[in-house]
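Right, one structure below, let's go through it.
No experiment lies behind these values; they were computed from the predicted model shown. Naming: A, B, ... by sequence-line order, numbering from 1 per chain.
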Amino acid sequence: MDIKLLIFIALAIGATFFAVVASLGLVIHKAIHAQTIRKRQHLYSFYSDLIAELLLQNVLPLSPDARTSAIFNQYEIIIQPIKNRLREMSQLKCKIEREILRSVLIDFAKDVRGEISDRLVYFFYSFGFVDEQIKLLSDRRWWIRAQAARDAGLLKARRAITAITACLEDVHPDVRLQSMVSLIRLVGVEAFKTIFRVSKELSLWTAVELSTVIKEYKETTIPYLIEGLQNDSQSVVLFCIEMLAEIGFISAVEPLRKIVENCQDVTIRMKAIEALGRLGDGRAETILLSNLDHAHSEVRLKSMEALERVGAYSAIPILIERMKQNGGNEKIFSARAIASTGKSGVEELNALAQNNKFLLRAVVEQVLEEYQFRVEQV
Amino acid sequence: MFALIFSILLQVYLFYVVFFFVAMNVVYTMLMILSYRKIMFYMRQNLFSDYGLMVKSELTPPVTLLAPAYNEEKTVVESVKSLLKLNYGKYEVLVINDGSKDGTLDVLIQEFDLYRSKQIYIPIISAKPVRGIYKSKKAVYKNLIIVDKVNGGKADALNVGINVSRYEYVCAMDADSLLEEDALQKVMKPFLEDSSVIASGGIIRIANGCEIVNGRVVKVGLSHRLLPLFQVIEYFRAFLSGRMGWQGVNGLLIISGAFGMFKKSAVIEVGGYRSDTVGEDMELVARMHRIKLEKKEPYKIVFVPDPVCWTEVPESLQVLSRQRNRWHRGLLDVIIIHRKMLLNKNYGVIGLAAMPYFFFIELLAPLIEFTGYITAALMLIFGTLHIYLVGLFFIVSLFYGVMFSVCSVLLEEISFRRYPNPKHLALLLAMGVIENFGYRQLTAWWRTKAFYDYARGKKEWGAMQRKGFNKKIDK
């Protein structure tokens with residue numbers, strides 16, 4: 001038989017075989033997946049009901065001189081039926097059900113407080129979930145480590161604190177992020193001290209997630225954020241500055257002023273200027289005015305923007321000079337800073353509008369329109 | 001003698017066709033494997049991504065949505081309203097009326113209570129003149145800006161949009177496409193994770209057959225017509241296996257014009273969109289690669305398979321042929337403009353893999369396929385080829401085509417599962433087979449014809465008639 005023919009036949013058979021197997025596999029996968037989901041949902045609702053019942057079940061009142069472990073003995077009795085059920089199963093089935101039980105417990109842990117929460121934490125330890133998580137924290141697959149770090153926090157597994165702290169230096173950003181969040185859950189606000197000390201690099205994505213956690217703790221995080229300003233990593237310092245501005249506590253003004261005065265890193269300097277503007281404290285005025293002459297145009301723009309937020313009346317003469325001398329964007333930003341001082345600033349701008357220079361007039365008109373719009377909105 | 005030489009030439013050419021076919025399938029297989037790995041990685045990463053936090057956090061960078069509109073008075077209001085409802089922190093919607101001849105601007109002025117703003121226009125990237133910038137008197141639409149400009153095409157409109165935009169990240173899209181509520185969050189995530197990312201593209205899915213209410217896809221479905229169904233498979237192949245695979249090696253050469261996020265400073269650095277090509281989206285990405293590689297600056301251009309932009313695809317052969325013809329002319333244009341990168345080791349993966357792929361496989365494939373049919377027919381006539389060999393080759397190519405279609409459906413099924421109904425799955429698999437009988441040959445012909453049109457200097461887009469989503473709103 002012709003060799004070409006043989007090759008073609010082989011190729012055709014190969015492709016046909018693959019297409020048929022893949023198509024069949026796809027349909028079977030879809031069917032199995034649907035069935036698995038149904039089974040899991042069923043098991044999930046079964047365990048949800050069971051756990052809810054166990055959590056609401058009354059425990060016997062303890063005598064005042066009872067040992068602390070007495071309450072644990074009672075918790076242990078409560079979960080015995082589940083343990084017995086799992087013990088009777090095959091290894092595979094037990095593994096699946098334990099996994100579902102764990103997710104049910106984690107979901108409950110998100111919503112409960114007080115004694116019920118303590119009861120849940122005991123369940124986690126008693127079922128061995130905490131030790132499992134600690135072991136998984138050193139798994140070679142990053143997603144397993146990240147999942148374990150997250151779950152350890154949700155399980156309130158204080159035993160895992162050391163392992164989670166070590167994960168703050170993990171190679172994968174998601175593991176680091178989950179570890180940070182968990183550590184905060186376990187230790188509270190003091191975790192920030194370790195986080196800002198250990199962190200070498202914070203991506204904006206990590207910063208976004210961490211910022212929402214920090215917002216929950218508000219001003220209690222300020223000492224740690226100020227301490228974080230000493231970190232060697234630019235991204236960590238930028239994040240701390242951003243959060244200090246976001247929380248808006250007055251004690252942040254001084255350290256930020258020092259950064260603007262002394263920091264040679266333009267990016268950090270700009271961020272600190274922006275933060276000072278957001279804090280809106282009059283003490284920042286002098287330092288902001290001195291930065292209007294900075295060699296870097298972005299720094300000048302940031303200073304103008306900050307002055308707009310501070311609403312510095314004394315800056316008007318210098319800003320008018322900048323409007324007359326500097327380029328397009330600086331004209332606009334200066335005009336906005338002038339307008340933000342209120343009536344007197346608007347009068348100065350109106351006077352400038354009489355100027356013959358087209359660009360200057362156009363800038364004033366634009367800024368006055370923005371100002372008018374803002375006033376109307378208010 | 002002549003017949004002998006002709007017959008030898010035909011045989012040599014046919015060998016070339018077979019070699020091309022084998023090479024093409026090897027590349028497709030490699031892309032498929034790369035895609036699978038990247039999709040799995042993405043799915044795992046998504047387990048730890050709480051996109052809702054991006055809406056809450058002040059750290060989330062603001063974004064400008066650029067929506068060029070040309071003669072879209074019937075759909076533009078609904079589209080803008082849907083864009084204003086996206087779930088994202090701070091963003092502005094910038095609609096660029098590209099000199100529409102109908103009442104696009106008037107309906108916008110009326111609906112959103114617009115006034116002509118005194119905002120200064122600074123043309124950082126050169127573009128056609130701006131006639132006016134409009135803003136709404138209503139506080140609820142304070143993040144809406146309408147720019148009215150002289151007609152200059154989509155690329156020119158986008159350049160004007162970049163000039164007017166306030167924020168560092170700009171999202172280029174079609175005014176008549178629909179973004180899913182969380183699409184902006186998902187397409188922005190790569191920029192937050194890695195500061196070297198300069199562009200990120202999302203997936204385009206086909207809205208024909210879906211149930212759409214108030215500018216949102218509420219039920220995913222498939223069209224009852226054949227052409228949109230074929231295109232669903234094509235889009236799967238292009239996005240889930242093609243783009244996903246290329247981004248795995250930082251070799252992504254195209255971000256769809258219907259939905260792509262860019263770092264504004266990077267776009268300005270390369271000079272913005274080129275308005276003298278019909279493949280402006282691909283050309284911009286190719287230029288970004290070229291300039292960054294020449295400057296030896298680290299950068300990444302990524303594709304995210306999850307943020308979805310729904311678009312309406314042609315349902316008539318006439319419109320589809322115009323679209324495919326334009327796409328192919330665009331591809332040809334980009335390869336000619338950036339021919340310097342082709343097989344040039346100084347451009348790394350782009351020069352040695354991505355550009356050759358787009359040249360030898362994407363660009364030449366229809367030409368080779370089409371001429372392959374003719375050669376085979378001629379050889380049959382001359383009696384130098386057995387009918388069973390031709391038949392077998394056709395069967396092999398058919399099954400390989402089916403195999404890749406099945407694989408792309410497989411990728412969709414193991415990852416995003418947007419088509420939950422098993423009937424949809426069966427229908428899509430069937431389409432993977434049926435498209436090889438007629439549709440594939442037809443698209444090959446349209447794309448082959450694009451060479452002729454390009455040589456004639458044809459540069460126009462051709463009208464794209466859409467039924468519009470608003471009809472389905474009344475359902």
Side-chain angles (χ1 to χ4, degrees), chain A residues 2 4-5 7-9 11-20 22-23 25-27 29-31 33-34 141-143 146-147 150 173-175 177-178 203-212 215 235 239 242-243 245-246 328-329 331-332 359 362-363 365-370 373 376-377, chain B residues 18 21-22 25 41 43-45 47-50 52-54 56-61 89 115 117-120 122 135 137 139 142 189-195 386 388-389 391-393 395-407 409-410 413-414 417 420 422 425-426 429 432-433:
Chain A
D2 191 351
K4 278 188 282 185
L5 186 63
I7 292 169
F8 280 137
I9 291 172
L11 284 171
I13 290 170
T16 315
F17 178 74
F18 184 87
V20 171
S23 302
L26 203 58
V27 176
H29 171 265
K30 184 105 183 159
H33 184 258
R141 292 159 297 177
W142 70 264
W143 62 95
Q147 180 78 45
R150 178 163 70 183
D174 279 320
V175 182
L177 176 58
Q178 295 307 324
S203 72
L204 199 48
W205 177 253
T206 309
V208 163
E209 180 133 4
L210 214 52
S211 72
T212 53
K215 269 190 193 169
S235 60
F239 174 73
E242 176 71 36
M243 290 325 295
E246 183 64 34
N329 267 337
K331 276 186 173 38
I332 296 173
L359 185 59
V363 165
E365 280 176 4
Q366 178 187 325
V367 171
L368 286 176
E369 183 189 277
E370 288 170 6
F373 185 77
E376 277 169 20
Q377 296 310 315
Chain B
V18 174
F21 168 79
V22 174
N25 284 304
F41 183 82
M43 296 301 289
R44 280 171 190 143
Q45 216 173 21
L47 292 173
F48 308 102
S49 305
D50 187 351
L53 296 178
M54 281 178 81
K56 289 184 201 163
S57 176
E58 288 284 322
L59 287 166
T60 307
Y115 67 92
S117 167
K118 287 171 182 163
Q119 184 179 327
I120 302 169
I122 304 169
K135 289 177 182 174
K137 290 175 195 162
K142 67 176 180 189
K189 194 188 167 208
F191 293 96
L192 306 188
E193 286 177 323
D194 188 341
S195 55
H386 295 294
Y388 63 81
L389 260 180
L392 263 174
F393 184 68
I395 290 168
V396 171
S397 64
L398 167 80
F399 278 107
Y400 271 83
V402 174
M403 187 176 88
F404 290 115
S405 299
V406 170
C407 282
V409 179
L410 192 75
E413 182 54 25
I414 57 173
R417 293 197 192 96
L425 191 66
L429 289 171
V433 180

Tell me, do [X] and [Y] make a side-chain contact under 4.5 Å, heavy atoms counted?
X        : Y        : value
B/Phe41  : A/Trp143 : no
B/Leu59  : A/Glu242 : yes
B/Pro61  : A/Leu204 : yes
B/Ser117 : A/Glu369 : yes

Taking every heavy-atom pair that is under 4.5 Å apart, which of [options] has the most such pairs with chain A?
options                               : value
B/Lys135, B/Lys189, B/Gln45           : B/Lys189
B/Glu413, B/Glu193, B/Lys56, B/Lys142 : B/Glu413
B/Val402, B/Leu410, B/Ile120, B/Asp50 : B/Ile120

(request) Answer with side chain, backbone, both or neither: which region of B/Ser49 has an atom nearer than 4.5 Å to a non-hydrogen atom of chain A? (result)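 Both parts, backbone and side chain.
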(request) Please state whether the side chain, the backbone, both or neither of B/Leu429 comes within less than 4.5 Å of a heavy atom of chain A. (result)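 Only the side chain of B/Leu429 comes within 4.5 Å of chain A.
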Within this structure, what is the [atom1]-[atom2] distance for the pair [X] and [Y], rounded to the nearest 0.5 Å?
X        : Y        : atom1 : atom2 : result
B/Leu192 : A/Glu209 : CG    : CD    : 11.5 Å
A/Asp174 : B/Arg44  : CG    : CZ    : 12.5 Å
B/Phe191 : A/Trp205 : CZ    : CH2   : 14.0 Å
A/Met243 : B/Glu58  : CE    : CD    : 9.0 Å

(request) With a 4.5 angstrom heavy-atom cut-off, could you sort out which part of A/Val363 is near chain B: side chain, backbone, both or neither? (result)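 A/Val363 touches chain B through backbone and side-chain heavy atoms alike.
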(request) With sequence neighbours left out, write down each residue that passes side-chain contact (heavy atoms from CB on, under 4.5 Å) with B/Thr60, or none if nothing qualifies. (result)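 A/Val208, B/Met54, B/Ser57, B/Tyr88.
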